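What you see is a predicted model; the values in this text were computed from it and never measured. As the structure lists them, so they are numbered: ligands from 1, and atoms in each ligand from 1. This chain uses plain numbering: 1 for the first residue, then up along the sequence.
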Amino acid sequence: MSQNFQHFERTSHEEAALAAQAGNIESEIASQPDCWRLAAALAADVAGSLPAPGERVAVAGCGTSWFIAQSYAAAREESGQGETDAFAASEMPTGRRYDRVLVLSRSGTTTEILRLLDRLAGQVPTVAITAVPGTPVADAAGAVIALDFADEEAVVQTRFATTELALLRTHLGQDIAGAADDAERVLAEPLPPALTDARRFTFLGTGWTCGLASEGALKLREAARMWTEAYPAMEYRHGPAAVTGEGTVVWLLGAAPDGLADEVTVAGGVPWQSQADPMAELVRVHMLAAAAARARGLDPDRPGNLTRSVILTGR
Ligand code: F1P
């Protein structure tokens, strides 16, 4: 059972505001700035369950949650708070010494997360961030942070993932207010034809935005069945540049290496970069994923071959 359970009640005002927005992927996407502000306001209350400065930490997740783990791990190291490794839950090595293991799982039911928590039981303090209290992951972790206000109806994760990252960034000492304001602006802007007309997307990031680049690429694959790729930005020239041409967008989430945007243009592609906080720029990717799915006659709330959670039995 959980030793330390933290479950946040919403005020009736917050409940009404979020309920009015929730319902499908578009409304979940639009609710992100509000969710991030709520998460930031909660960060101090859960600080005791999250990694302390100096701890050696592992973060694990699957799918979107793995990419958010990567982003947080890099951001934590960049902030000087300690060595932080990110793993796909199925690939976390045995035998490494950590002071704390953080698992991320919106559903709280993902099999690989449960197997990892079983393996770690009694060896290291564990904490789970989930959307659903009372789930197997919540029960198996030593401490639980339940961001139920950010749970989603859509199979494809958008606001839960960014809200847990907003919480974690706030815990690292970052002020998330600017990112939330940027996201409001992104949400108010129409999607440009340069993005809606593109056929191929290569996402690039550096440091903590590498995870966001992978997540952006995953969104377009999951929601709109698009063929996308993601790399650390300096890796672009080491092969990925080969596919750039007419119809390609190279989407830079974070700082662009010198000269790279020009190289994309010369190759016939479109370099896309904005001044927005990279997490707000990910909101633009969400918007494009939903719009591209609708344009293709797909349902981004219920994409083919995907389920809200991967629950494996008898394997
Ligand atoms: C992780 C996840 C999702 C993915 C799919 C299957 O779930 O891989 O990222 O979109 O729906 O599950 P969770 O452990 O965060 O609930």
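- Under the 4.0 angstrom criterion for non-hydrogen atoms, Thr307 is in contact with ligand 1.
- Classification of Glu164 and Arg106 as a salt-bridged pair fails, no side-chain N sitting under 4.0 Å from a carboxylate O.
- Among protein heavy atoms, the minimum distance from atom 12 (O) of ligand 1 is reached at Arg308 O, 3.5 Å.
- Ion pair Arg294/Glu26 flagged as a salt bridge, since at least one NZ, NE, NH1 or NH2 atom sits closer than 4.0 Å to an Asp/Glu carboxylate oxygen.
- Contact check on Arg237 versus Glu263 returns a salt bridge, with a Lys/Arg side-chain nitrogen under 4.0 Å from an Asp/Glu carboxylate oxygen.
- Contacts of Thr110 with ligand 1, taken as heavy-atom pairs under 4.0 Å, involve the side chain alone.
- Look at Leu306 and you'll find every heavy atom at least 4.0 Å from all atoms of ligand 1.
- Nearest to atom 9 (O) of ligand 1 among the protein's heavy atoms is Thr64 N, 3.0 Å.
- Nearest to atom 1 (C) of ligand 1 by heavy-atom distance, out of Cys62, Gly63, Gly61, is Cys62.
- A 6.0 Å sphere centred on CG of Asp258 holds no more than 12 heavy atoms belonging to other residues, nucleotides or ligands.
- In summary, of the residues considered (Arg56, Arg100, Arg76), a salt bridge (Lys or Arg N to Asp or Glu O under 4.0 Å) with Glu83 occurs for Arg56 alone.
- Here the protein heavy atom with the shortest distance to atom 3 (C) of ligand 1 is Gln157 NE2, 3.8 Å.
- Salt bridge annotation for Arg97-Asp99: present, with a cationic side-chain nitrogen under 4.0 angstrom from a carboxylate oxygen.
- A salt bridge links Asp277 to Arg169: at least one charged side-chain nitrogen sits closer than 4.0 Å to a carboxylate oxygen.
- In terms of N/O distances under 3.5 Å, ligand 1 is approached by Glu222.
- When the heavy atoms of Ser65, Ala88, Ala223, Ala89 are ranked by distance to atom 15 (O) of ligand 1, first place goes to Ser65.
- Per-residue contacts place Val155 under 4.0 angstrom from the following atoms of ligand 1 (heavy atoms of the residue considered): 11 (O).
- Of all atoms in ligand 1, listed by their number and element, those nearer than 4.0 Å to a heavy atom of Arg106 are 13 (P), 15 (O), 16 (O).
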Task: Derivation of the salt bridge (Lys or Arg N to Asp or Glu O under 4.0 Å) call for Arg302 and Asp299 - done: CA-CA 6 Å; Arg302 305 265 171 275; Asp299 177 2; 5.7 Å; no
